[in-house]
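What follows is a short report on a single structure.
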Amino acid sequence: MTAQIQYADVEVGTELPAAAFPVTRATLVQYAGASGDFNPIHWNEKFAKEVGLPDVIAHGMFTMAEAIRVVTDWVGDPGAVVEYGVRFTKPVIVPNDGTGALIEVTAKVAAKLDDNRVRVDLTAMSAGQKVLGMSRAVVQLA
């Protein structure tokens with residue numbers, strides 16, 4: 001695969017299509033199985049509360065992975081992401097209410113770089129709080 005977006009067609013400030021990603025307790029159990037991260041703060045409400053959390057929280061790496069989907073969907077090739085980093089600022093709290101949580105992600109091109117690359121800044125929110133800080137990706141465009 002190669003990037004579907006042309007470098008010449010992108011300007012600083014270009015907004016990527018926003019997306020929202022639902023997270024339920026079932027999602028967290030599936031992610032735990034896939035990742036091997038069975039920390040009980042991600043599935044056991046009693047344990048999460050005993051260690052001072054308000055409820056079960058989503059895995060940080062899961063949150064990070066959901067956020068970058070906005071970029072990979074936009075560019076058309078996951079391999080076009082050549083750098084990606086975040087700071088975890090707030091947890092995504094996932095109640096056991098049948099609805100769970102929602103991770104809402106927006107992104108925009110923050111800089112045009114050399115070699116047909118752009119820096120994309122992402123904002124990930126859940127329950128009105130920013131859950132990722134300094135979320136940035138460098139993407140190789142066509």
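Predicted, not measured: the structure shown is a model, and the values here were computed from it. We're numbering straight along the sequence, starting at 1.
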Indicate every side-chain donor-acceptor pair of residues 16-29 with a distance under 3.5 Å to a residue at least two apart or in another chain.
unit_1: Thr24; atom_1: OG1; unit_2: Ala26; atom_2: N; d: 3.3
unit_1: Thr24; atom_1: OG1; unit_2: Thr27; atom_2: N; d: 3.2
unit_1: Thr24; atom_1: OG1; unit_2: Thr27; atom_2: OG1; d: 3.0
unit_1: Arg25; atom_1: NE; unit_2: Val94; atom_2: O; d: 2.8
unit_1: Arg25; atom_1: NH2; unit_2: Glu45; atom_2: OE1; d: 3.3
unit_1: Arg25; atom_1: NH2; unit_2: Asp55; atom_2: OD1; d: 2.6
unit_1: Arg25; atom_1: NH2; unit_2: Val94; atom_2: O; d: 3.2
unit_1: Thr27; atom_1: OG1; unit_2: Thr24; atom_2: N; d: 3.2

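- The aromatic rings of His59 and His42 sit parallel, their planes meeting at an angle under 30°, below the 60° perpendicular limit.
- A continuous path of ILVMFWY side-chain contacts below 4.5 Å connects Met61 to Val86, so both sit in one hydrophobic cluster.
- The CZ atom of Arg136 sits 9.0 Å away from atom CZ of Arg87, with the distance rounded to the nearest 0.5 Å.
- Of all heavy-atom pairs spanning Ile5 and Leu141, the tightest one is O-CB, 3.5 Å.
- Residues Ile68 and Tyr31 fall within the same hydrophobic cluster, defined by Ile, Leu, Val, Met, Phe, Trp and Tyr side chains chained together at heavy-atom separations under 4.5 Å.
- Sorted by first and then second residue, the side-chain hydrogen bond (donor to acceptor under 3.5 Å, both in side chains) pairs with a member in residues 62-78 read Glu66-Arg69; sequence neighbours excluded.
- Taking Ile, Leu, Val, Met, Phe, Trp and Tyr as hydrophobic and joining them when side-chain heavy atoms fall under 4.5 Å apart, one finds Ile93 in a cluster with Ile41, Phe47, Val51, Leu53, Ile57.
- Taking 4.5 Å as the limit, some side-chain heavy atom of Asn116 sits within range of a side-chain heavy atom of Gln140.
- When all heavy atoms of Ala142 and Gln6 are compared, the pair lying nearest together is CB-NE2, 3.5 Å.
- Residue pairs meeting the side-chain hydrogen bond (donor to acceptor under 3.5 Å, both in side chains) criterion with at least one partner in residues 119-129, sequence neighbours excluded, are Arg119-Asp121.
- When every heavy atom of Val120 is checked against every heavy atom of Leu122, the shortest pair comes out as O-CD1, 3.7 Å.
- Within the 4.5 Å cutoff, the side chain of Tyr7 has heavy atoms near those of the Lys112 side chain.
- Hydrophobic clustering keeps Leu113 apart from Val109 (ILVMFWY residues linked when any side-chain heavy atoms are closer than 4.5 Å, directly or through intermediates).
- For the pair Val71/Val81, a side-chain contact is recorded, criterion being any heavy-atom separation below 4.5 Å from C-beta on.
- Across every non-hydrogen atom of Val131 and Pro91, the tightest pair is CG1-O, 4.0 Å.
- Expressed to the nearest 0.5 Å, how far CG of Leu132 lies from NZ of Lys90 amounts to 13.0 Å.
- At least one donor-acceptor pair closer than 3.5 Å links the side chain of Tyr84 to the backbone N or O of Met64.
- Between Phe62 and Ser35 the shortest side-chain heavy-atom distance does not fall below 4.5 Å.
- Here the CD atom belonging to Gln4 is positioned 12.0 Å from the CG atom belonging to Asp9, to the nearest 0.5 angstrom.
- Listed here is the closest heavy atom pair of Gly33 and Phe38: CA-CZ, 3.6 Å.
- By the salt bridge (charged side-chain N to carboxylate O under 4.0 Å, His left out) test, Glu50 pairs with Lys46, sequence neighbours left out.
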For residues 96-105, run the donor-acceptor check on the side chains, cut-off 3.5 Å, and write out each pair with its distance to 0.1 Å, sequence neighbours left out.
unit_1: Asp97; atom_1: OD1; unit_2: Thr99; atom_2: N; d: 2.9
unit_1: Asp97; atom_1: OD1; unit_2: Gly100; atom_2: N; d: 2.7

